[in-house]
Chemist: 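The structure under discussion is supplied below as structure tokens; questions concerning it will follow.
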Amino acid sequence: MGVIGGTLGYRVLKRICPGGETGYLDGTAYAHKSKLAVLFGESFFDEIRGRTVIDFGCGTGGQSVEMAQRGARHVIGVDINKTYLATARRHADAAGVGDRCTFLTTSDERADIIVSLDSFEHFADPARILRVMDSCLAPGGRVIASFGPTWYHPLGGHIFSVFPWAHLVFTEKALLRWRKSFRPRQRAVRVTDCGLNKLTIRRFRRIVEESAFQCAHFEARPIRGLRLLTLPLLREFGTAVVRCTLVRKAGVGDD
């Protein structure tokens with residue numbers, strides 16, 4: 001990965017973005033909007049009404065609370081970050097849905113629907129996560145997921161995308177040295193140690209094919225105005241968001 005490294009790469013990155021604030025992927029695209037509605041449409045709330053939902057990778061619980069407010073019977077927010085979970089509980093209580101929201105690091109309860117937003121590109125082992133989801137899903141249930149940008153998108157490097165495709169231009173060592181300049185406690189030796197698994201669309205499709213699931217629906221949404229880049233040979237570079245619905249393969253998990 002990358003061709004510009006060493007002290008030169010580090011100095012260029014420091015000059016372009018000394019403090020790590022790129023202004024990209026800051027969530028402003030969903031400001032004053034329902035992220036769930038934007039990604040899945042208003043019909044999504046009809047699907048979850050009266051159902052048990054797991055919000056897998058719930059973060060601070062914003063979408064969990066919204067799902068409870070919009071009709072879900074019980075929402076279980078799952079995240080490995082206990083600080084996030086504590087914030088999510090406070091958020092749910094303040095919104096008046098604390099009795100219908102549970103926030104945990106793992107869940108033994110089976111859900112009708114598992115929702116996963118902006119998480120698959122961060123899971124250290126996506127294949128294992130699909131196995132966990134399978135164990136958490138009730139018979140006839142489904143996974144509704146949206147994630148991106150994936151690795152070859154112009155901003156697929158997330159924090160490392162100081163400009164489009166910068167994460168592919170600079171070497172891993174230069175990127176990590178730059179990151180450590182403003183996050184001195186970091187111990188990462190690889191980009192994948194920074195909560196980014198380099199997920200591509202092709203790899204995701206392969207992981208699903210090798211799992212208990214199959215895609216009932218799959219959509220690679222293009223970068224606005226660049227629909228040409230969603231052609232098969234180019235879509236790794238031009239897909240802004242992946243949306244999909246996963247269901248179990250025939251004969252799997254029906255007991």
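Index from 1, following the sequence.
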Chemist: Kindly state whether the ring of Phe160 and the ring of Phe170 have centres lying under 6.0 angstrom apart.
Modeler: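 Here the rings of Phe170 and Phe160 have centres that are no less than 6.0 Å from each other.
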Chemist: Quick one: closest heavy-atom pair of Pro154 and Ser161, and the distance?
Modeler: O-OG, 3.9 Å
Chemist: Indicate the atoms forming the closest heavy-atom contact of Phe103 with Ala92, along with that distance.
Modeler: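 Closest heavy-atom pair between Phe103 and Ala92: CE1-CB, 3.9 Å.
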Chemist: Any chance you could lay out the side-chain contact (heavy atoms from CB on, under 4.5 Å) test for Asp55 and Val78, step after step, and finish with the verdict?
Modeler: CA-CA 6 Å; Asp55 184 1; Val78 175; over 6 Å; no
Chemist: Would Arg248 and Asp134 pass as an ion pair if we require N to O under 4.0 Å?
Modeler: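 Yes.
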Chemist: Using a 4.5 Å cut-off on heavy atoms from C-beta on, say whether the side chain of Thr239 contacts that of Pro222.
Modeler: no
Chemist: Return the OG to CD distance between Ser34 and Gln69, rounded to the nearest 0.5 Å.
Modeler: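 Here the rounded value is 10.0 Å.
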Chemist: Taking all atoms of both residues into account, what is the closest heavy-atom pair of Arg243 and Val38, and its distance?
Modeler: NH1-O, 4.2 Å
Chemist: Locate the shortest heavy-atom distance separating Met133 from Ser116; write the atom from each residue and the value.
Modeler: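 In terms of heavy atoms, the two residues are closest at CE-CB, 4.0 Å.
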Chemist: For a 4.5 angstrom cut-off between non-hydrogen side-chain atoms, does Phe56 reach Ile76?
Modeler: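 No, too far: nothing below the 4.5 Å cut-off.
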Chemist: Looking at Arg205 and Glu236, is any side-chain nitrogen of the basic one under 4.0 Å from a carboxylate oxygen of the acidic one?
Modeler: no
Chemist: Spell out, yes or no, whether Ile4 and Val191 are grouped together once hydrophobic residues are joined by side-chain heavy atoms under 4.5 Å, including indirect joins.
Modeler: yes
Chemist: Please tell me whether Val75 and Leu85 are part of a single hydrophobic cluster in this structure, the criterion being side-chain heavy atoms less than 4.5 Å apart.
Modeler: no
Chemist: Going by atom types alone, do Thr245 and Arg142 pair a side-chain donor with an acceptor below 3.5 Å?
Modeler: no
Chemist: Sort and list the pairs that fulfil side chain to side chain donor-acceptor pair (under 3.5 Å) and have at least one residue in residues 93-108, not counting sequence neighbours.
Modeler: His74-Thr102
Chemist: Would you say Glu219 and Cys244 make side-chain contact, with heavy atoms under 4.5 Å?
Modeler: no
Chemist: Is the closest side-chain heavy-atom distance between Gln214 and Lys249 below 4.5 Å?
Modeler: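 Yes. Closest side-chain heavy atoms under 4.5 Å.
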Chemist: Can you tell me if Arg90 and Thr87 form a side-chain donor-acceptor pair at under 3.5 Å?
Modeler: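 Yes, because at least one side-chain N or O of Arg90 sits under 3.5 Å from a partner of the opposite role on Thr87.
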Chemist: To the closest 0.5 Å, what do you measure between CZ (Arg128) and OG (Ser211)?
Modeler: 14.5 Å
Chemist: Would His158 and His167 count as a ring pair (Phe, Tyr, Trp, His ring centres under 6.0 Å) here? Give the steps.
Modeler: CA-CA 8 Å; His158 291 238; His167 61 295; 8.7 Å; no
Chemist: Between Gly20 and Ile159, which heavy-atom pair has the shortest distance, and what is it?
Modeler: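 Result for this residue pair: O-CG1, 4.4 Å.
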Chemist: Which distance, rounded to the nearest 0.5 Å, do you find between the CG of Asp79 and the OG1 of Thr60?
Modeler: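 Between Asp79 CG and Thr60 OG1, I get 9.0 Å after rounding to 0.5 Å.
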Chemist: With rounding to the nearest 0.5 angstrom, report the CD1 to CD1 distance, Ile114 to Ile54.
Modeler: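 It comes to 5.0 Å.
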Chemist: As a test of understanding, state which of Phe45, Phe44, Phe40 forms a side chain to side chain contact (heavy atoms under 4.5 Å, CB included) with Glu42.
Modeler: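 So, applying the side chain to side chain contact (heavy atoms under 4.5 Å, CB included) to Glu42 and each of Phe45, Phe44, Phe40, only Phe45 qualifies.
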Chemist: How long is the span from the OH atom in Tyr152 to the CZ atom in Arg202, to the nearest 0.5 Å?
Modeler: 10.0 Å
Chemist: Side chains of Leu36 and Met67: does their closest heavy-atom pair fall under 4.5 Å?
Modeler: yes
Chemist: To the nearest 0.5 Å, how far apart are CZ in Arg235 and CD1 in Ile223?
Modeler: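 One finds 14.0 Å between CZ of Arg235 and CD1 of Ile223.
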Chemist: Can you name the nearest heavy-atom pair linking Leu13 to Ala174, along with the distance?
Modeler: CD1-O, 3.6 Å
Chemist: Under the criterion side-chain contact (heavy atoms from CB on, under 4.5 Å), I'd like the reasoning laid out for Leu176 against Cys194: C-alpha separation, chi angles, the key distance, then a yes or no.
Modeler: CA-CA 9 Å; Leu176 291 172; Cys194 304; 3.7 Å; yes
Chemist: Answer with yes or no whether the side chains of Glu121 and Thr150 bring together a donor and an acceptor at under 3.5 Å.
Modeler: no
Chemist: Can the positive tip of Arg177 be found less than 6.0 Å from the middle of the six-membered ring of Tyr10, inside 45° of the ring normal?
Modeler: yes
Chemist: State, with a plain yes or no, whether a side-chain heavy atom of Lys14 is found less than 4.5 Å away from one of Ser181.
Modeler: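 Yes, at least one pair of side-chain atoms sits under 4.5 Å.
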